[in-house]
Amino acid sequence: MRMFIEKSVLSKIRTELLVLPFSEEDVKKISKKAHKYREITDSVKSGDFTGESGKSVLLRNIDGKKRILLAGMGKEKEIDQEGIRKACAHSLKVAKSLKLKSLSVLCEGFGKISGPKAAKSIVEGIILGNYEFDKYKQEDRKKKKDVEEFTVYYNEPDMSEVRKVAKETRTVCENTNWVRDMVNEGGDVIHPDRIARIAEGLAGKSRLKIKILDEKQLRKMGMELLLAVGDGSRYDTKMIVLEWNGSKAKEKVALVGKGITFDTGGLYVKPSPYMDDMRCDKAGALTVLGIMKTVSELNLKRNVVGIMPLAENMIGPKSFKPGSVIKSYSGKTVQIVDTDAEGRLILADAVTYAEKDMKADTIIDMATLTGSCVISFGEYVAAMLSNDDDLAKKLFDSGEETNERVWRMPAYKEYADEMKGDIADLKNVGYRRGRNAGTITAGMFIKSFIECKKWAHIDIAGTAWYEKPMGYQPKDATGFGVRLITEFLK
Ligand code: BES
Ligand code: ZN
Ligand code: ZN
C-alpha cells in the first residue's frame, strides 16, 4: 500500500475520501459555533453525528473533497491509540466497501494524541485493517477492489519525525500482514522446509545470517525432543537460526518460536472439532521470522537471534509414543505422557540451544502453547511467565503501547515440581493431565531446561488466532507479537 504524509490544511485538501476525526467536545463546539462547512454543522444539529466513539457519518461533495467521513472518537480524555487504530481501520473498510482506490486522514481531533504517536496509530489502523486472507476466494476476489494508497495530512511545523515514525510503522505492519499470510496457510503449504526456504530468501536479501539444521544435524547434536515430535510426519523436521548483529555491545536477545506446522495431537489425537484450527500452531515461529525481518529492515541497533524449531505433529507408524522416555538436548530425560503437549518439547531443545550455543543473555519464547491460556484470557491478552521483574515490566509496557498485551502469571517453584517425572527427570504434563494451571506448568517445563536469568515465556494461543474479526484484526491469524517485540527491542 502506498503511503503519503503531507503538510496541508482542511480547505486545501482534494481527495476521494477524507476522514475527519472529532471528539464529542469538538461536536459540542460545532453545535454552538457552526463549522465552516455547512454540511458538517447540519449533521451535528440534526443529531446524525454526535462524535460518539465508533460512529461515523458520510457526506458528499464538500469543497473539493468527493466524500468526507466524520469519525466519532468519543470523549476527548478517553481517546487513546487503540481508538485511533480502530477508527482508521473502520474508515479503510468504508473506503473498501465504496470500491475507492485511496483515502486520506486529517490528523486533528485526536484529543491529546498528536504528532508521531497519532501517525503510528493511523498507519497501524489502515495497514493492519486492510488485511484479508482472500487469495483462495476466487469469485470474491474478482469483484473486489483494493485500496491502493492513503495519505495522512498534518499541519505540523516539523514533519520529519512524523514521517520517520510513519515509515517505520508501515514496515512493522506490512511484516505483521506477511506473518498473518503464512500462518493462515495450511500445513501442506507452509511446512518446515517451506519455512526454511522463505527464511533463506530473507537472509539472501539482508544482513541476517542463517543456519538451517536438518534432521541429520539435529540427530548428531542430540535434539531428540524436537525430532521425536516430528517422527510421524512426512515432512522433515528442521531448526532455523537467524542472527542479526546490529550492535557492538555484547548483549544478545534470543527469540524462540514454536513452529508446529500442524498439530493433530499425535497419538493422543485431538477430538473434533479441536483440530480444525491447528494450522495456527506455527504462529510462534513465523512471528519470530516476521520480527527478524523487521529488525533487519529497521536496522535496529541490537543483537538478536531468532530460533525456530519446526516440526509437524502427526499420526503414523513412526509417531512418538506416550510412555517413552526421550533425552533432551540439555541432557535431561523426559517421560512423554501426552503427545499433544508437544510444543513444550520442541521449545525445550530450542531454548537450550539459545543458551548453550547462542549464549543469549535474554531469552523470550513465544508459542501457541496451551488451550488453558485461551480459557483464562480469551483472545485479548497473552499469558506471560518470567523470572525477571525488569524484563516482565518492559514486555508489559510494550504490550500497553501496542495493545498486544501480556499479563504475568505466578512462576512459583511448586508449579515446576509438578513436572517431575515418575520414571524420568521430567514429564510433559502436570497434575490432572495438565489441566491444573495448564499455562503455568507448560511454561515452567520450558524454564527447567535453562539457567538463563532473564527469561520470558509468552503464550499466544488466544491472541494469535481470532474466532471473528475485531477492529483492525482479521478472523484467524493476527500476527500477534510482531509489534509487541519490535517495540520491546526498540
Ligand atoms: N497447540 C496446542 C495448544 C492450543 C490450543 C493452541 C488451542 C491454540 C488453540 C497444544 O499443543 C496443545 O495441544 N496443548 C494441550 C496441552 C495438554 C495436553 C496438557 C492443551 O492445551 O490441551
Ligand atoms: Zn498439541
Ligand atoms: Zn501444539
Side-chain angles (χ1 to χ4, degrees), residues 183-184 187 190 192 225-226 228-233 237 256-287 308-315 319-323 334-350 365-383 409 415 418-419 421 426-446 457-468 475-481:
V183 177
N184 277 325
I190 301 289
L225 285 180
L226 169 57
V229 172
D231 273 348
S233 170
T237 295
V256 184
K258 169 178 174 181
I260 294 293
T261 51
F262 194 76
D263 184 11
T264 63
L267 294 176
Y268 257 61
V269 59
K270 284 186 183 290
S272 62
Y274 293 98
M275 206 194 292
D276 293 7
D277 288 334
M278 280 305 131
R279 66 183 202 277
C280 78
D281 221 17
K282 52 193 179 325
L286 293 170
T287 301
M308 290 148 266
L310 306 167
E312 191 187 42
N313 190 17
M314 291 293 283
I315 302 164
S319 292
F320 74 125
K321 299 177 184 69
V334 179
Q335 173 185 348
I336 306 301
V337 177
D338 189 328
T339 58
D340 198 12
E342 84 298 336
R344 61 198 75 182
L345 300 174
I346 70 167
L347 288 169
D349 279 353
D365 74 77
M366 270 179 293
T368 47
L369 204 65
T370 61
S372 300
C373 177
V374 192
I375 292 172
S376 305
F377 292 122
E379 297 176 339
Y380 316 119
V381 182
M409 300 192 96
Y415 294 112
E418 276 193 28
M419 307 305 283
L426 292 154
K427 60 179 175 352
N428 78 332
V429 294
Y431 292 175
R432 292 208 299 143
R433 294 200 170 271
R435 278 192 291 143
N436 275 21
T439 302
I440 305 176
T441 52
M444 294 307 273
F445 177 87
I446 297 168
H457 158 69
I458 304 175
D459 194 332
I460 58 171
T463 51
W465 194 261
Y466 273 17
E467 175 100 22
K468 284 191 187 130
K475 176 177 156 47
D476 297 344
T478 61
F480 181 98

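Whatever order the structure lists ligands and atoms in, that order sets their numbers, starting from 1. If you read the sequence from its start, that first residue is 1, and numbering goes on from there. Just so it is clear, the values below take in all heavy atoms, side chains as well, and ignore hydrogens, waters and symmetry mates.
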Find all atoms of ligand 1 within a distance of less than 4.0 Å from any non-hydrogen atom belonging to [X], and give their numbers and elements.
X	value
Ala461	6 (C), 8 (C)
Asp338	18 (C)
Arg433	19 (C)
Lys270	2 (C), 12 (C), 13 (O)
Val429	19 (C)
Glu342	11 (O)

Identity and distance of the protein heavy atom lying nearest [atom]:
atom	result
atom 3 (C) of ligand 1	Leu369 O, 3.4 Å
atom 2 (C) of ligand 1	Asp263 OD2, 3.6 Å
atom 15 (C) of ligand 1	Asp340 O, 4.0 Å
atom 6 (C) of ligand 1	Thr368 O, 3.6 Å

Salt bridge Asp340-Lys270, side-chain N to carboxylate O under 4.0 Å
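Salt bridge flag = yes for Lys270 with Asp340.
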Under 2.8 Å from the Zn ion (ligand 3), is there an N/O/S atom belonging to Asp340?
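Coordinating: no.
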2.8 Å cut-off met by an N, O or S atom of Gly343 to the Zn ion (ligand 3)
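No, since none of the N, O or S atoms of Gly343 sits under 2.8 Å from the Zn ion (ligand 3).
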Looking only at heavy atoms of Arg435, does any of them come nearer than 4.0 Å to an atom of ligand 1?
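False for this residue.
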What's the atom name of the N, O or S in Glu342 nearest to the Zn ion (ligand 2)?
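Minimum-distance N/O/S atom of Glu342 relative to the Zn ion (ligand 2) is OE1.
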Of all N, O or S atoms in Asp281, identify the one at the shortest distance from the Zn ion (ligand 3).
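Atom name of the closest N, O or S in Asp281: OD2.
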Among the N, O or S atoms of Asp263, which one sits nearest to the Zn ion (ligand 3)?
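Nearest N/O/S atom: OD2.
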Using modelled atom types only, decide if a donor and an acceptor are shared between the side chain of Lys427 and the backbone of Gln335 within a distance under 3.5 Å.
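Not a single qualifying donor-acceptor pair exists.
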Please check whether [X] reaches ligand 1 - meaning an N/O of the residue sits under 3.5 Å from an N/O of the ligand, judged on distance alone.
X	value
Gly371	yes
Thr370	no
Lys258	yes
Ser372	no

Below a 4.0 angstrom heavy-atom separation, can you tell me which part of [X], side chain or backbone, both or neither, approaches ligand 1?
X	answer
Met278	side chain
Arg344	side chain
Ile260	neither

Can you see which heavy atom on Leu347 is nearest to which on Pro309, and at what distance?
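Leu347 and Pro309 have their closest heavy atoms at CD2-CG, 4.5 Å.
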Selected option - heavy-atom contact closest to atom 1 (N) of ligand 1, from Val337, Asp281, Asp277, Ile460
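Considering heavy atoms of Val337, Asp281, Asp277, Ile460, the nearest to atom 1 (N) of ligand 1 sits in Asp281.
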